[in-house]
Chemist: 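This is the structure I want to talk about, given as structure tokens.
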Protein chains: 2
Amino acid sequence: MTFPDLFERFATDILPMSISDATHLKFQSLARYVSARCGDAPFTGSGHDQMVFIARGSTKLVAQASHGREQIVAFNFEGDLVSVPARAAHAYSLIALVDCELIYFPADRFFQLAQEEAVIVATMLDRALQALSRCREKTITLGRKTAQERLSSFLIAMGDRIGVACDKGVALDLPMSRRDIGDSLGLTIETISRQLTELRSEGLIETPGRSQILLLNRVELNARAGHMQVAA
Amino acid sequence: MTFPDLFERFATDILPMSISDATHLKFQSLARYVSARCGDAPFTGSGHDQMVFIARGSTKLVAQASHGREQIVAFNFEGDLVSVPARAAHAYSLIALVDCELIYFPADRFFQLAQEEAVIVATMLDRALQALSRCREKTITLGRKTAQERLSSFLIAMGDRIGVACDKGVALDLPMSRRDIGDSLGLTIETISRQLTELRSEGLIETPGRSQILLLNRVELNARAGHMQVAA
DNA sequence: TTCGAAAATTGATCCAGATCAATGAAGTTC
DNA sequence: GAACTTCATTGATCTGGATCAATTTTCGAA
């Protein structure tokens with residue numbers, strides 16, 4: 001896909017229809033493009049906070065703690081806008097889970113430009129609050145849940161974000177490995193594997209391939225996730 | 001303190017100087033005020049997302065998982081603006097840690113109003129990104145750290161937010177109990193207590209009273225927290 | 001100043017999930 | 001299509017922090 005096509009995808013998703021052509025063009029001239037191969041970490045050591053739009057592919061936002069331990073802070077998919085901090089108490093990097101096409105901006109200039117029109121900042125704010133909400137849910141999962149509850153929460157969340165409805169339930173084609181799932185849920189690959197086996201043997205899921213998971217019973221999975229019952 | 005005084009505190013902290021008197025007045029007429037006693041949960045069951053400004057006091061944002069387990073998602077202090085969701089996968093409530101005075105708004109109308117001036121939305125966005133950043137750091141702490149690292153991270157973070165420099169180091173007067181610290185770090189009170197004893201016996205902290213903690217050696221605490229070394 | 005209740009500390013035991021170890025299943029490359 | 005290599009599963013053992021159980025301390029109220 002060419003750069004104009006990719007930028008157009010960004011504009012459609014993020015920039016409200018109503019904005020002026022002038023502002024649209026300024027965003028276009030600020031935008032940079034990078035094609036990342038699976039495993040690449042295109043923004044490490046950039047020295048500046050970046051705003052990254054996932055035009056195609058999926059990524060993980062990884063934080064490095066000491067002793068080489070990694071914690072995945074978020075998974076991101078096509079259409080997501082991710083803020084990648086250059087420096088904090090932990091080092092962050094955005095890593096491609098599959099081949100990706102990314103549009104990115106220096107965060108400071110991006111926000112400065114966004115301020116030209118309130119509706120753009122409002123879109124950003126909306127996205128940021130959504131990210132905050134997801135991160136809060138993750139906090140709960142990591143703080144107070146068992147391995148099975150964590151994995152169930154993860155499967156439900158992935159079902160909502162990238163699941164495809166099919167006759168047997170919801171089909172997932174996960175771009176991340178067992179290790180990634182573990183690094184996201186604060187568990188080891190072995191525990192992930194054991195819990196998948198457990199859920200499979202109880203008939204809640206099927207795992208037809210290494211990266212395919214079929215959610216057969218969302219209601220029960222939701223209960224396993226320790227979520228509050230949502231009133232009908 | 002009277003309502004106008006409290007609203008003025010909100011306006012000073014959140015509304016940029018440059019906004020028009022008309023917008024200022026609209027915020028004032030949308031604002032509601034509540035005085036919460038220690039332990040109160042003024043927004044449970046409100047049915048709507050709320051934006052809450054802590055004019056005086058400190059609060060905890062608590063999420064309820066099933067089986068009565070609680071996870072504290074964030075602590076908030078004077079001057080903070082907290083978004084309190086009405087419904088999500090978990091039930092949230094904002095609980096006063098001490099007697100508080102709160103200014104609050106229905107979130108939808110608050111954001112609608114904020115959009116009248118880009119600079120206000122930008123302030124909100126800035127606050128939201130700060131909350132996201134804190135929440136991400138919390139995610140790392142809960143996902144990949146030992147009890148001692150969690151507690152050290154907590155003490156460092158509290159030092160930064162409400163610490164007072166004194167001759168021996170940084171003095172903390174914590175408004176939250178050991179239970180709250182545990183519920184925030186995904187640990188039990190017993191573990192918190194044991195780790196405090198450990199840090200005390202190593203001369204990194206002193207605990208002169210139930211709620212007072214003195215950080216004697218921030219550098220070593222930071223290392224214990226498993227943070228990345230920040231270059232000088 | 002003493003009393004009572006809540007909060008914190010300390011100790012003993014237990015267990016969910018980590019770690020260590022081996023095997024099995026998919027891709028990949030030549 | 002055989003040999004690698006990586007990823008996933010399964011099993012055995014270990015351990016950090018939970019749980020259970022007393023004290024002990026703190027601090028507000030009388």
Side-chain angles (χ1 to χ4, degrees), chain A residues 37-39 60 65 67-71 97-99 141-155 172-202 205-213 224 226, chain B residues 37-39 60 65 67-71 97-99 141-155 172-202 205-213 224 226:
Chain A
R37 304 292 299 277
C38 172
K60 55 181 177 180
H67 311 298
R69 291 167 300 176
E70 295 199 337
Q71 173 64 41
L97 290 171
V98 297
D99 293 355
T141 297
L142 294 178
R144 284 283 177 240
K145 293 198 178 175
T146 64
Q148 182 160 117
E149 290 173 321
R150 292 183 200 201
L151 186 58
S152 303
S153 295
F154 171 80
L155 292 175
L172 279 178
D173 189 3
L174 297 177
M176 69 290 283
S177 67
R178 299 284 187 269
R179 171 163 302 284
D180 288 330
I181 300 174
D183 284 346
S184 168
L185 299 178
L187 300 167
T188 59
I189 30 176
E190 293 94 330
T191 299
I192 300 297
S193 192
R194 278 186 253 269
Q195 293 304 330
L196 282 174
T197 303
E198 175 81 12
L199 292 175
R200 200 184 313 119
S201 74
E202 296 185 71
I205 63 169
E206 278 174 22
T207 52
R210 189 181 278 189
S211 64
Q212 282 86 47
I213 298 185
R224 296 296 175 93
Chain B
R37 303 292 299 276
C38 171
K60 54 181 176 181
H67 311 299
R69 291 167 299 176
E70 295 197 338
Q71 174 64 40
L97 290 171
V98 296
D99 293 355
T141 298
L142 293 177
R144 284 284 176 239
K145 294 197 178 176
T146 65
Q148 182 161 117
E149 290 172 322
R150 293 183 199 201
L151 187 57
S152 302
S153 294
F154 171 80
L155 292 175
L172 279 178
D173 189 2
L174 297 176
M176 70 290 283
S177 68
R178 299 285 188 270
R179 170 164 302 284
D180 289 329
I181 300 175
D183 285 346
S184 168
L185 299 178
L187 301 167
T188 58
I189 31 175
E190 293 94 330
T191 300
I192 300 297
S193 192
R194 279 186 251 269
Q195 294 304 329
L196 281 174
T197 303
E198 175 82 11
L199 292 176
R200 200 185 313 118
S201 74
E202 295 185 72
I205 61 169
E206 277 174 24
T207 52
R210 189 181 280 188
S211 64
Q212 282 85 46
I213 297 184
R224 296 297 175 94

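Below, chain A is the first sequence line, B the second, and so on; all start at residue 1. Any value given below was found using the heavy atoms of this structure, including those in side chains, with hydrogens, waters and symmetry copies removed.
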Chemist: Between P on D/dT15 and CD on A/E190, what's the gap in Å once rounded to a whole number?
Modeler: 16 Å
Chemist: With a 4.0 Å cut-off on heavy atoms, is B/I189 in touch with a base, just the backbone sugar-phosphate, or nothing at all?
Modeler: nothing
Chemist: By nearest atom, which of the nucleotides C/dA8, D/dG17, D/dT9 is closest to the A/R200 side chain?
Modeler: D/dT9
Chemist: Which of these nucleotides, C/dA8, C/dG17, C/dT9, is closest to any side-chain atom of B/L196?
Modeler: C/dT9
Chemist: From the options C/dT10, D/dA8, D/dG17, select the nucleotide whose nearest atom is closest to the side chain of A/R178.
Modeler: D/dA8
Chemist: Can you tell me how far P of C/dA8 sits from CD of B/Q195, to the nearest Å?
Modeler: 16 Å
Chemist: Scan B/I192 against the nucleic acid and name what it touches under 4.0 Å (heavy atoms): base, sugar-phosphate only, or nothing.
Modeler: nothing
Chemist: Taking the side chain of A/R194 as its heavy atoms from C-beta onward, which of D/dG11, D/dT6, D/dC27 lies nearest to it?
Modeler: D/dG11
Chemist: Quick one: do B/L142 and B/R150 satisfy side chain to side chain contact (heavy atoms under 4.5 Å, CB included)? Show the steps, please.
Modeler: CA-CA 7 Å; B/L142 293 177; B/R150 293 183 199 201; 3.9 Å; yes
Chemist: Can you tell me which nucleotide in C/dG17, D/dA8, D/dG17 comes closest to the side chain of A/S193?
Modeler: D/dA8
Chemist: Between D/dC7 atom P and A/L97 atom CG, what is the distance in whole Å?
Modeler: 13 Å
Chemist: Starting at the 5' end of DNA chain D, which residue's closest nucleotide do you reach first, B/P208 or A/T197?
Modeler: A/T197
Chemist: Is any side-chain N of the basic residue among A/R69 and B/E149 closer than 4.0 Å to the acidic one's carboxylate O?
Modeler: yes
Chemist: Any salt bridge between A/E202 and A/R224, counting N to O under 4.0 Å?
Modeler: yes
Chemist: Given side chain to side chain contact (heavy atoms under 4.5 Å, CB included), test A/I192 with A/R179 step by step and report yes or no.
Modeler: CA-CA 8 Å; A/I192 300 297; A/R179 171 163 302 284; over 6 Å; no
Chemist: Quickly work out the B/Q212 CD to D/dT25 C1' distance and round it to whole Å.
Modeler: 14 Å
